[in-house]
Amino acid sequence: MYKITYPNGKIYVGSDVTGTVTYFGSVNDELVAADHTPEQLRDFTVRKQVLWESPTAEPTEVRARERQYIETLQSNNPDIGYNRTPKFRG
């Protein structure tokens with residue numbers, strides 16, 4: 001489980017079952033681009049933090065933990081992050 005933090009402070013929470021260091025998730029690039037100026041997009045730095053990992057977790061546990069982190073960090077709140085599911089009920 002990881003959290004990506006974008007230059008504007010918004011976050012995206014995702015899971016990576018491949019363990020690939022360069023995997024940065026399936027965030028909607030149009031949402032991210034709309035929140036940054038063209039100048040900001042020319043020099044763009046993101047931070048990836050591992051929140052949880054397990055060599056033995058089943059896919060159902062990974063999905064459950066992902067949802068838990070999304071809800072806890074409120075990355076599905078459009079004011080805070082870029083996750084769009086589960087739907088934010090603020």
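Residue numbers count from 1 along this sequence.
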(request) For Tyr2, check ring pair (Phe, Tyr, Trp, His ring centres under 6.0 Å) against everything at least two apart and list the hits. (result) none

(message) Holding to side-chain contact (heavy atoms from CB on, under 4.5 Å), I want the full list of residues that pass it with Asn28, two or more places apart in sequence or in another chain.
(response) Glu30, Leu31

(request) Using the test side-chain contact (heavy atoms from CB on, under 4.5 Å), find all partners of Thr37 that sit at least two apart in sequence or belong to another chain. (result) Glu39, Gln40

(message) Using the salt bridge (charged side-chain N to carboxylate O under 4.0 Å, His left out) criterion, which residues pair with Lys10? Sequence neighbours excluded.
(response) Asp35

(message) List the residues meeting salt bridge (charged side-chain N to carboxylate O under 4.0 Å, His left out) with Arg67, not counting sequence neighbours, and say none if there are none.
(response) Glu71

Looking at every non-hydrogen atom in both residues, tell me the closest pair between [X] and [Y] and how far apart they are.
X	Y	result
Met1	Val62	CE-O, 3.4 Å
Glu66	Ser15	OE1-OG, 3.3 Å
Phe24	Val21	CE1-O, 4.1 Å
Leu73	Lys3	CD1-CD, 4.0 Å

Is there a side-chain contact between [X] and [Y] in this structure, where contact means two heavy atoms from C-beta onward sitting under 4.5 Å apart?
X	Y	answer
Val27	Ile4	no
Tyr12	Asn83	yes
Pro59	Val17	no

(message) Quick check for you: to the nearest 0.5 Å, what is the distance between Asn8 atom CG and Tyr82 atom OH?
(response) 4.0 Å

(message) Just verifying a value: how many Å separate Ile80 CD1 and Ile70 CD1, rounded to the nearest 0.5 Å?
(response) 13.0 Å

Side chains of residues 42-51: which donor-acceptor partners sit under 3.5 Å, not counting sequence neighbours?
residue : atom : partner : partner atom : Å
Arg42   : NH1  : Pro38   : O            : 3.4
Lys48   : NZ   : Tyr23   : O            : 2.5

(request) Look at atom CD of Glu53 and say whether more than 12 heavy atoms of other residues, nucleotides or ligands are closer to it than 6.0 Å. (result) no

(request) Let me see the working for Asn76 and Lys87 under side chain to side chain contact (heavy atoms under 4.5 Å, CB included), right down to the final yes or no. (result) CA-CA 7 Å; Asn76 57 340; Lys87 181 127 176 103; over 6 Å; no

